[in-house]
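Everything on this sheet refers to the single structure shown next.
Just so we're clear, the structure is a prediction, and the values are computed from it rather than from any experiment.
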Amino acid sequence: MLTAPGRLRMMQELLSGPPLPAGALAERVGLAPSTVSSHLARLEEARLVRVEKVGRTRLAQLADADVAEAVEALLRLSGEPEVSSLRTERRRTALRIARSCYDHLAGQLGVALVDAGIRDGWLIAAGGTWGLQDSGGENAGQALGLRLDVAESARPLIRPCADWTERRPHVAGRFGKALLDAVIADGWVRRRSADRALTITTTGRERLAALEIDVA
């Protein structure tokens, strides 16, 4: 299903989380709109994406968090494509530093927060299983100086997700979503309109330095 040229790139772009118009998706991956529409139909049939028609616009997004984690794992196994331009290199660097992986935080920043959690004791990682020091993430929020709103649902509270650039896991699950929402709301990072990279703000760098969390 993902072996056709362009489909994995489309899925990678949809890892930003929010729905993307089909036209914008076509522009990002460098494919004709008709080709993107054909790929989306196949991916929707396989239940890997959801496509919603709003007026004349078709909005596409990944089906769920499980699909997002599978795409990250595929990217980790397939490796990064060769850099073809300075623009591509800059974009790759930005994605490597901080990005959204569906609804949670990835890249150097995501992995650095895992290290901080283990160091400070609010994240417990043993034998491939992750857990929090408390069920609601209050200790993590207190340690990081963030208000974490961990929603209740059938989705796992916390679990590792393979990070395709860092080759180490970042935090997924309901807690992972709450963490991403919090760093955006508190002004640590801001979204970029052109891709799923997250720009670490001056405020974010000051907070990370105060917490002794090292990110490039």
- NE2 (H170) and CD (Q108) are apart, to the nearest 0.5 Å, by 13.5 Å
- Message: Minimum heavy-atom separation for W122 and A143, please, with both atom names.
- Response: CD1-CB, 3.6 Å
- Message: Can a side-chain donor-acceptor contact be found between R99 and T165 if the only test is distance below 3.5 angstrom?
- Response: yes
- Side chain proximity check, R42 to R7, heavy atoms < 4.5 angstrom: yes
- Joint hydrophobic cluster, L105 plus L211, side-chain heavy atoms closer than 4.5 Å: yes
- Message: Looking at T203 and G187, would you say the former's side chain and the latter's main chain have a donor-acceptor pair under 3.5 Å?
- Response: no
- Query: Does a side-chain N-to-carboxylate-O contact under 4.0 Å join R147 and D186?
  - Reply: no
- Calculate, to the nearest 0.5 Å, the distance between atoms CG and CZ belonging to L179 and R174 respectively. 14.5 Å
- Where is the tightest heavy-atom contact between L59 and P19, given as atom of each residue plus distance? CB-CB, 3.9 Å
- Item | A172 versus C161, closest heavy-atom pair with distance | CB-CB, 3.7 Å
- Is it the case that more than 12 heavy atoms not belonging to E44 sit under 6.0 Å from its CD atom? yes
- Query: Is there a side-chain contact between R96 and E166 (heavy atoms, below 4.5 Å)?
  - Reply: yes
- Taking all non-hydrogen atoms of both residues into account, name the closest pair between T57 and P21 and its distance. CG2-CB, 3.9 Å
- Query: At their closest point, which heavy atom of C101 faces which heavy atom of A106, and how far apart are they?
  - Reply: CB-CB, 3.8 Å
- Query: Is the shortest heavy-atom distance from the side chain of L208 to the side chain of W188 under 4.5 Å?
  - Reply: yes
- Between R207 and L146, is any pair of side-chain heavy atoms under 4.5 Å apart? no
- Query: Going hydrophobic residue to hydrophobic residue with side-chain gaps under 4.5 angstrom, can you get from I118 over to I213?
  - Reply: yes
- State the CG-CZ distance between L14 and R50, to the nearest 0.5 angstrom. 11.0 Å
- Heavy-atom closest contact (V114 atom, P169 atom, distance): CG2-O, 3.9 Å
- Item | Stepwise side-chain contact (heavy atoms from CB on, under 4.5 Å) check, V67 with R47 | CA-CA 9 Å; V67 173; R47 299 182 180 179; over 6 Å; no
- Note on the structure: Distance col, row Q142:CD vs D134:CG, nearest 0.5 angstrom, shows 9.5 Å
- Message: Within the structure provided, determine whether R58 and S37 are in side-chain contact (heavy-atom separation under 4.5 Å).
- Response: yes
- Message: If you take the centroid of each ring, where Trp contributes its six-membered ring, are W130 and F175 closer together than 6.0 Å?
- Response: no
- Message: Taking T199's backbone N and O only, do any of them form a donor-acceptor pair with R190's side chain (distance below 3.5 Å, no angle check)?
- Response: no
- Flag the pair L31 / R9 as yes when at least one side-chain heavy-atom distance between them is below 4.5 Å, and no otherwise. yes
- Task: Among L95, I97, L180, L109, find the one that has a side-chain contact (heavy atoms from CB on, under 4.5 Å) with L198.
- Result: L180
- Message: Please tell me whether V111 and I158 are part of a single hydrophobic cluster in this structure, the criterion being side-chain heavy atoms less than 4.5 Å apart.
- Response: no
- Item | More than 12 heavy atoms of other groups within 6.0 Å of E27 CD | no
- Message: If hydrophobic clusters are built by linking Ile, Leu, Val, Met, Phe, Trp and Tyr wherever their side-chain heavy atoms come under 4.5 Å apart, do W164 and L62 end up in the same one?
- Response: yes
- Any donor and acceptor pair, going by atom type alone, linking the side chain of D64 with main-chain N or O of D66 inside 3.5 Å? yes
- Message: Is it the case that the side chain of D163 and the backbone of R167 share a donor-acceptor pair, with hydrogens and angles ignored and the cut-off at 3.5 Å?
- Response: no
- Message: Working to the nearest 0.5 angstrom, can you tell me the gap between E13 CD and L8 CG?
- Response: 10.5 Å
- Message: Between the side chains of R155 and D103, is the shortest nitrogen-to-carboxylate-oxygen separation below 4.0 Å, so that they form an ion pair?
- Response: yes
- Group every Ile, Leu, Val, Met, Phe, Trp and Tyr by side-chain heavy-atom contacts under 4.5 Å, then state whether V189 and L113 land in the same group. yes
- Message: Taking the side chain as everything from C-beta on, heavy atoms only, tell me whether L43 gets closer than 4.5 Å to M10.
- Response: yes
- Message: Quick check: do L132 and I124 have side-chain heavy atoms less than 4.5 Å from each other?
- Response: no
- Query: Hey, is K177 close enough to D181 for a salt bridge, meaning N to O under 4.0 Å?
  - Reply: yes
- Salt-bridge present (D214, R119; N to O < 4.0 Å): no
